[in-house]
Amino acid sequence: MMDIPASYSVLLIDDHPAVRQGVAALLGSRGFRILLQASTAEEARQVLDGNRVDLAILDLSLEQGNGLDLVPDLTGHGGRVIVYSMFEDARTINRSLQFGALGYVTKRDDPADLLDAVDHVVNGEPYLSSRAAGALDEMESLGRGKELSERERQVLSLMGQGESNVGIAAALGISVRTVETYYARISEKLDLSLSVRELRKYAIRRFNE
Amino acid sequence: MDDGASLVKRSRGQEMVLAGAVLLVCAALWLIFGTIHDRSPIGLAADGGVVVLPASPLDHGEIFALEGPWQVYWGRLLTPGDLARSDAPAPDGALRFPGSWRGERFNSHTPGGPGAATFRLGLKPPDGNRSLTLRLLDLRIAYRLWANGQLIAESGRPGLDASSERADRSLVLAALETTGQPVDLVLELSNHQFRAGGVGDPILLAKTGPLQTARDRVWILSAFFCGVLLVAGIYHLLLHSMRSREISFLYFGIYTLLIFGYAANSNTTYWLSHAVVADWLDPALLDEISIACYAASGAVLFRFYRSLFPEDFSRRLQIVSDLRPVVFLLSIVVLPPIWRSWLVVVLMAAGLCFTAYFLIRLTACVIRQRPGAILLMCGALLLASTSMHDILVHADVIEGEYLALHGLFALVVFQSSALALRYARNFEMVEQLSLDLHRNIDVLKDEMSRRRELEGEVVRVSEEERRRVSYQLHDGLCQQLTAARLRYSMLSARDGEKGSPTMIELGRILSEAAEDAYALSRGMWPVEHDPAVAGPTLGELVDSAKRASGIDISLAQNWPCTTCEGGNLGVLYRIAQEALTNAVRHADATRISVSLCCEDGTTELEVEDNGAGRHLDAAPADTGGLGLRIMKHRANAIGAEFAIEDSPGGGTVVRCRARCLKGSCSGDRS
């Protein structure tokens with residue numbers, strides 16, 4: 001247990017009021033003073049506009065909008081993010097981390113894990129609950145996260161530069177169909193979403209880093 | 001649809017109308033050809049052995065019968081030269097024509113059937129030159145005729161005994177030129193083959209023209225009649241050869257050809273022997289063929305009737321009927337010709353008896369409302385009437401020409417009408433049946449497609465229900481439990497509660513409840529409820545299969561939509577699950593690839609393994625067969641194409657192509 005500065009503000013984003021209030025009560029009992037709440041991505045952004053947010057505890061499935069999309073907004077405002085979600089699959093956990101979340105706790109985990117996560121993340125340390133870590137380990141042990149081939153890296157790079165499918169196909173002298181096959185393969189190797197749009201977002205971010 | 005009774009009633013009406021129509025046609029034909037009989041001949045009696053031919057009626061085209069009596073030189077065949085000699089014999093008596101010499105008395109002779117004689121008649125024609133014609137028909141059984149010493153007619157060769165005689169009693173039209181001078185007619189006539197010698201038909205005389213016309217008409221009628229019979233016979237035999245179950249066609253075809261054989265050369269026309277094959281067929285042989293055909297026709301007719309109405313015609317009588325032609329054909333071989341001519345009489349008598357039997361049985365058939373019975377009855381009735389007529393004519397009770405051909409023609413036409421009617425009715429029934437069948441098939445098809453739609457709907461509804469319940473659990477109960485656990489966590493940290501058994505127990509219960517709710521939710525609906533986050537959990541499915549089996553399973557997914565609203569994802573997921581299970585358990589594969597692609601409104605799932613192939617990876621019937629059926633059923637339910645094929649590299653491919661219910665993709669494809 002550490003001391004929390006009075007000005008330390010936590011944003012709770014969850015579309016279930018009971019969960020939100022539960023987390024608020026738990027954190028309140030741990031000395032957190034400023035507990036902001038939002039149930040949608042839109043609300044969360046409004047809160048961000050007028051408030052400093054040091055820590056966000058974020059549910060991924062919101063009534064409107066995708067929780068994951070909020071991560072860059074939150075980190076952009078200097079906040080740290082713990083994902084607190086029902087999702088337990090390695091892919092989602094990986095993506096959350098790739099998007100910039102520092103902690104990942106599943107809702108099936110013991111609430112004590114959430115407090116642990118808060119303790120770590122407040123100090124800037126990453127934290128994965130045992131369940132989340134287990135999922136990732138399992139994935140690793142299956143030999144996932146393979147290296148991208150040279151060609152796949154080229155495709156991803158061109159995608160990051162904003163080239164269209166047709167453009168990439170022309171640049172590499174391959175068919176559009178083959179380009180799409182590369183997307184699927186890259187997506188699989190990176191444990192990323194299957195959606196091409198998502199992949200494109202990821203590629204742009206990666207290219208611009 | 002007709003019920004049975006009204007169908008019978010309607011078809012009976014039809015049959016009556018048909019019978020009337022056929023009757024009218026027959027009557028019309030008879031009227032057309034019946035003009036042969038428009039003049040009955042004027043009998044010319046002889047006075048002192050000479051008949052006087054009146055000029056005026058002759059010139060008006062009247063026909064005369066040279067009744068005689070003709071002078072008879074019994075037992076001798078004398079030429080005009082013999083009679084002109086000074087030692088010429090005196091006549092033995094006189095005989096009227098037509099007439100038979102049987103039982104007559106010539107001097108001391110009383111002839112029986114066979115014999116030979118010379119007949120003589122003087123003719124006093126009118127003054128002036130005239131071309132006349134004599135008609136000789138049914139002179140039994142070979143003859144020669146001279147006029148004033150000149151031979152004008154010859155048929156066969158008369159002889160004093162059977163060996164020197166060549167029989168031919170055919171029709172001859174003899175030309176006779178007169179100058180007004182008396183004409184001496186000498187007729188040699190012999191018979192050693194027929195039951196009674198003599199002249200069967202009157203010897204007719206007229207100016208050249210009417211007799212030729214009359215003969216031509218008879219021949220035209222014969223040609224027409226024979227043509228009809230030939231066509232009908234061949235037609236029905238062909239029908240039978242194509243439909244051998246219809247035995248009535250066979251009998252009718254044979255019957256018709258037999259009647260053709262008889263009628264083509266009957267003793268009333270001699271059409272075939274004189275008009276068609278005059279020079280190259282022995283007339284006596286044709287005569288025999290004609291009679292043999294007649295003998296056989298009766299038996300075939302019986303079989304024909306019985307084939308149509310097996311319950312109404314006696315089988316025993318059929319055997320008797322069949323014996324008739326056998327006996328007759330044997331007699332041709334064994335008996336001398338003169339006996340045979342008697343046998344024909346017996347045959348005709350038997351034929352009359354059978355005709356009477358036919359009439360009685362057909363009447364019964366009409367009463368029992370057998371199809372076609374009315375038509376057959378009409379035909380049989382007409383033949384019976386003409387037969388009776390001919391017998392009466394033959395016995396000189398009434399005057400007139402023989403009508404046997406007319407009767408037979410009517411019989412054949414009515415018979416073929418009856419067959420046509422029966423056949424048409426069969427067709428009608430088959431058509432009706434096939435119509436019903438088609439209607440039923442349509443109904444069934446509709447029913448099947450409705451059922452399939454319904455099944456699809458049931459599957460969709462049940463999937464939707466599972467998804468909804470799963471979502472409720474996931475989004476409601478699970479979250480509530482999380483909230484409860486959060487509060488519990490806060491409470492349990494309070495000093496007073498720390499470590500209390502009640503709190504520990506509550507914590508355990510809450511934790512278990514959360515586990516259960518989560519497991520229940522995932523069990524009911526394996527696909528994530530928020531596809532935007534993780535997409536369908538095909539990846540998880542593949543991962544877990546990979547973990548469980550250790551097989552290298554790859555997954556490729558390609559679709560343009562951010563969120564799949566196609567509606568079939570759940571079903572495709574379950575098919576993939578089934579296919580993966582099969583491949584892992586039964587195919588002995590080392591590599592499996594799963595792909596799910598969506599393009600142009602079609603979502604295609606493909607699960608391919610490099611295993612043992614279909615015949616080997618076919619799972620044991622009790623489990624794998626069911627899995628396959630379930631996959632097919634699910635695919636059918638969403639109207640998807642489903643196929644299990646051999647993979648090009650060995651192994652098996654399970655392919656399922658579903659139409660995206662949304663029809664197009666919502667996401668960008670850039």
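Reminder, nothing fancy here: chain letters follow the sequence lines and each chain counts from 1.
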Colleague: At under 4.5 Å between heavy atoms, what parts of residues 506-516 of chain B are in contact with chain A? List them by residue number.
Modeller: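 Within residues 506-516 of chain B, near chain A: B/Ala514, B/Glu515.
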Colleague: Just how far is it from atom CZ of B/Arg485 to atom CG of A/Leu26, taken to the nearest 0.5 Å?
Modeller: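 Nearest 0.5 Å value for the CZ-CG distance: 12.0 Å.
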Colleague: Sequence neighbours left out, what pairs pass salt bridge (Lys or Arg N to Asp or Glu O under 4.0 Å) with at least one residue falling in residues 163-176 of chain A?
Modeller: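 Non-adjacent pairs meeting salt bridge (Lys or Arg N to Asp or Glu O under 4.0 Å): zero.
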Colleague: Run the side chain to side chain donor-acceptor pair (under 3.5 Å) test against B/Thr581 and tell me which residues pass, sequence neighbours left out.
Modeller: none
Colleague: Give a yes or no answer on whether the side chain of A/Arg108 reaches the backbone of B/Cys478 with a donor-acceptor pair at less than 3.5 Å.
Modeller: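 Judged by distance alone, no pair lies under 3.5 Å.
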Colleague: Checking the side chain of A/His16 only, and the main-chain atoms of B/Gln480 only, is there a donor and an acceptor separated by less than 3.5 Å?
Modeller: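 Pair absent, no side-chain N/O of A/His16 close to backbone of B/Gln480.
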Colleague: In terms of heavy-atom proximity below 4.5 Å to chain B, should A/Asp69 be classed as side chain, backbone, both, or neither?
Modeller: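 Neither part; nothing is under 4.5 Å.
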Colleague: Please list, chain by chain and in numerical order, all residues satisfying side chain to side chain donor-acceptor pair (under 3.5 Å) with B/Arg591, sequence neighbours excluded.
Modeller: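 With neighbours one apart ignored, the set is empty.
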Colleague: Is A/Leu27 in contact with chain B via its backbone, its side chain, both, or neither, using a 4.5 Å heavy-atom distance?
Modeller: neither
Colleague: Mind listing the closest non-hydrogen atom pair of A/Met86 and B/Thr482 along with its distance?
Modeller: SD-OG1, 4.5 Å
Colleague: Considering only heavy atoms from C-beta outward, does the side chain of B/Leu486 approach that of A/Tyr84 to under 4.5 Å?
Modeller: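 Yes - at least one pair of side-chain heavy atoms lies under 4.5 Å apart.
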Colleague: Mind checking the NZ-NE2 spacing from A/Lys107 to B/His474? Nearest 0.5 Å is all I need.
Modeller: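 Separation between the atoms: 8.5 Å.
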Colleague: Between B/Ser489 and A/Ala112, what is the shortest heavy-atom contact and its length?
Modeller: OG-N, 4.1 Å
